[in-house]
Amino acid sequence: MNPELSNAAIADALEELGDLYELDGAVIHRVVAYRNAARSVREASVSVAALARAGRVTELPGIGATLEQKIIALLDTGTIPAAEKLRAKFPPGLVAITRLPGIGPKRARLLHAELGVDSPQALREAALAQRLRKVRGLGPKFEENVLAALARPDADEPAKRLLLPQAVELGAALVEGLVEHGPADAVVELAGSARRLVETVKDIDLVATTVEPTALADSLATLEQVESASSASAAGARGVTYSGVRVDLRIATPAQRGNLLQHFTGSGAHNAALRERAVRSGMHVSEYAIEDESSGAKLLCADEAEVYERLGYAFIPPELREDRGELEAAARGGPGLPQLVSRGDLRGDLHCHTVASDGRATIDEMAAAARELGYEYLAITDHSASHGFGNDVSPEELREQIERVREANARLSGIDVLAGSEVNVLPDGSLDYEDALLAELDWVIASVHTAFSMGEQKMTERMIAAIEHPLVDAIGHPTGRMLERRRPYAIDLDAVFAAAARTGTMLEINANPRRRDLSELNARAAVAAGVTLVIDSDAHGPETMPLIRWGIATARRAWLTAAEIGNTRPWSELRTMRKRARPRAAVGGAPARRRGQPPRG
DNA sequence: GCCGTTTTCGGCCCGACTGTTTTCAGTCG
């Protein structure tokens with residue numbers, strides 16, 4: 001029997017069908033319904049295929065009887081009949097055209113019907129022959145824009161995205177520049193996905209208030225980072241940096257600062273859901289005001305929290321604004337939002353490197369950095385013997401390192417230094433130190449660093465073997481992904497989470513901004529399955545230990561509280577949670593702790 | 001196609017910008 005389709009595969013199929021219906025001229029709400037359903041499937045924390053087999057898939061938001069049937073057909077036959085029909089009608093090249101800026105489904109359909117355009121290549125030929133301008137509603141300018149879009153070397157690949165720290169840094173520099181060059185009263189803030197602390201960012205969104213909006217809009221073009229700016233008006237301006245990042249500045253009056261910040265922080269899905277719910281109670285929400293339908297009164301909010309309050313919600317932290325159940329939870333009479341974990345809750349860092357392997361600093365230097373951050377403990381976890389791309393730590397060297405850690409711990413005050421290792425999980429699931437040596441360590445984190453492409457079943461068995469090892473306390477960066485660089489290895493995370501919960505093995509949120517691994521959705525699913533997480537910096541030097549903030553960001557976006565994170569506890573408590581410290585009978589027999597699941601996600 | 005502190009039918013967020021138009025459709029976020 002074939003393995004069931006992944007949530008991502010089902011979501012892709014629904015998204016494609018939505019695109020095809022849109023090309024076919026379906027009413028837009030139907031198209032939107034497919035896209036909402038696709039997102040719901042993609043973000044589901046359990047196997048949607050399994051849910052569908054159990055007849056429960058309509059429990060997911062946005063999935064009704066019709067989509068249930070289509071998902072079942074997809075699982076049974078590998079395809080959806082409606083999609084087959086539409087694929088025959090609209091060639092894939094036509095769908096590709098709709099990805100070009102300025103061309104949506106309507107124009108693609110028009111070009112197909114009027115000129116027989118069915119691919120980017122055919123579109124280019126038609127534009128060069130000046131045939132596009134003959135179509136009603138299109139003109140020479142459109143032709144020009146089409147050719148420019150097609151000429152871009154990266155026209156058919158998705159745009160590179162900034163890692164969050166780069167976006168935050170660029171955003172801060174732009175804010176500073178606008179404050180410096182703009183009118184004296186200007187207040188400028190970073191909004192958009194960077195404010196929500198997402199993993200990667202496409203463009204920089206800034207909001208500002210001033211009584212001289214055009215002066216501020218004009219000043220965007222004068223910033224040293226900005227290569228070109230356009231369409232400056234009282235409403236704002238747009239620009240592109242020399243690094244090729246789009247910047248969107250929106251301006252309102254000081255009295256509307258809250259409305260604007262709320263709108264421009266997004267996400268789009270959060271705002272759409274917020275506004276739809278508001279409409280049902282007779283309110284219309286925009287970036288400028290909340291309008292009461294019955295009285296016509298327009299409420300301006302200088303403060304963002306007031307926007308939520310006036311609409312009947314508790315304040316929703318930006319990290320949660322993804323339409324993943326936060327509105328239902330924050331609504332008056334709802335269950336309420338969790339008290340999200342914050343940086344100050346962490347009492348220690350359980351994954352870092354020193355000069356013993358590929359780190360840049362000594363034990364003492366790393367311990368000093370940890371103390372500086374207010375931690376109570378730090379585990380030194382250099383790579384193990386077979387790491388292969390740094391300075392390996394042989395068993396003998398690890399024994400010496402343990403001695404050095406014990407000595408440092410005795411000497412240093414204000415910080416407990418723990419002897420640990422980041423042990424390789426070898427392809428067969430075994431570890432590369434003997435158990436007797438591992439038993440001398442305070443903390444063992446096991447990670448996969450080799451043989452990434454072994455296939456899902458083998459990788460899952462490999463990982464579960466490591467999870468079942470009695471001396472493995474946690475699994476490091478559990479999916480191996482590198483944002484914008486390397487996909488996660490194929491692995492059955494449901495099985496991994498179940499094994500981790502069953503054995504009491506913790507899983508890591510690796511805070512390195514290129515990893516953020518587990519991701520927010522996976523972290524949320526892991527905790528729902530009963531797993532305890534740890535948040536680690538994986539620092540290779542004192543200066544990278546503060547990267548922990550990006551791991552905190554992921555945990556917050558995963559709705560996690562301090563109680564769900566192991567290293568918010570003092571070491572005296574956390575050490576007893578390691579499965580090696582538990583009564584032997586409990587290992588393997590502990591029932592999964594279940595947390596109340598929010599309505600979505 | 002989904003969904004319900006108005007509704008099992010009739011709604012479904014809101015506004016800016018562009019290019020094409022003499023008042024607006026399409027696209028985008």
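No hydrogens, no waters, no symmetry mates; every other heavy atom, side chains included, goes into these values. Chain identifiers are assigned alphabetically (A, B, ...) following the order of the sequence lines, protein sequences preceding nucleic acid strands; residue numbering begins at 1 within each chain.
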Among [options], find the nucleotide with the atom closest to the side chain of [X].
| X | options | value |
| --- | --- | --- |
| A:Leu67 | B:dG26, B:dC2, B:dC14 | B:dC2 |
| A:Ala33 | B:dT27, B:dA16, B:dG1 | B:dG1 |
| A:Lys202 | B:dT20, B:dG29, B:dA16 | B:dG29 |
| A:Arg246 | B:dC12, B:dG29, B:dC17 | B:dG29 |
| A:Pro140 | B:dG29, B:dT20, B:dT27 | B:dT20 |
| A:Tyr288 | B:dG1, B:dG15, B:dC17 | B:dG15 |
| A:Pro101 | B:dT27, B:dC28, B:dG29 | B:dC28 |
| A:Arg107 | B:dT27, B:dG1, B:dT20 | B:dT27 |
| A:Arg280 | B:dC17, B:dA16, B:dT7 | B:dT7 |

Separation of atom [atom1] in [X] from atom [atom2] in [N], rounded to whole Å:
| X | N | atom1 | atom2 | result |
| --- | --- | --- | --- | --- |
| A:Ile204 | B:dG29 | CD1 | P | 15 Å |
| A:Ile103 | B:dG26 | CD1 | P | 14 Å |
| A:Leu100 | B:dG26 | CG | P | 18 Å |
| A:Leu311 | B:dT5 | CG | P | 17 Å |
| A:Glu59 | B:dC2 | CD | P | 15 Å |
| A:Arg277 | B:dC2 | CZ | C1' | 15 Å |
| A:Ile290 | B:dG15 | CD1 | P | 13 Å |
| A:Leu138 | B:dA25 | CG | P | 15 Å |

Flag side-chain contact, heavy atom, 4.5 Å: A:Leu299 against A:Asn259: no
Side chains of A:Val279 and A:His284 in contact at under 4.5 Å (non-hydrogen atoms): yes
OP1 or OP2 of [N] under 4.0 Å from side-chain N/O of [X]:
| X | N | value |
| --- | --- | --- |
| A:Asn145 | B:dG19 | yes |
| A:Thr66 | B:dC2 | yes |
| A:His284 | B:dC14 | yes |
| A:Ser281 | B:dT5 | no |

What distance, rounded to whole Å, do you find between the two [atom1] atoms, one in [N] and one in [M]?
| N | M | atom1 | answer |
| --- | --- | --- | --- |
| B:dC14 | B:dC9 | C1' | 25 Å |
| B:dG1 | B:dT8 | C1' | 14 Å |
| B:dT20 | B:dA25 | C1' | 9 Å |
| B:dA16 | B:dT23 | P | 22 Å |
| B:dG26 | B:dT21 | P | 13 Å |

Between [X] and [Y], is there a side-chain N and carboxylate O pair less than 4.0 Å apart?
| X | Y | answer |
| --- | --- | --- |
| A:Asp205 | A:Arg246 | no |
| A:Arg524 | A:Glu322 | no |
| A:Glu16 | A:Arg87 | yes |
| A:Arg238 | A:Asp203 | no |

Test salt bridge (Lys or Arg N to Asp or Glu O under 4.0 Å) applied to A:Arg321 and A:Glu304, step by step: CA-CA 13 Å; A:Arg321 300 182 195 169; A:Glu304 191 187 43; 2.8 Å; yes
What does [X] touch in the nucleic acid at a heavy-atom separation under 4.0 angstrom: a base, only the sugar-phosphate, or nothing?
| X | value |
| --- | --- |
| A:Gly268 | nothing |
| A:Ile63 | sugar-phosphate |
| A:Tyr34 | sugar-phosphate |
| A:Ile28 | nothing |
| A:Val32 | nothing |

Nucleotide opposite B:dC24 in a Watson-Crick or G-U pair, distances under 3.5 Å: B:dG19
Nearest-nucleotide 5' precedence on DNA chain B, A:Gly282 against A:Ala273: A:Gly282
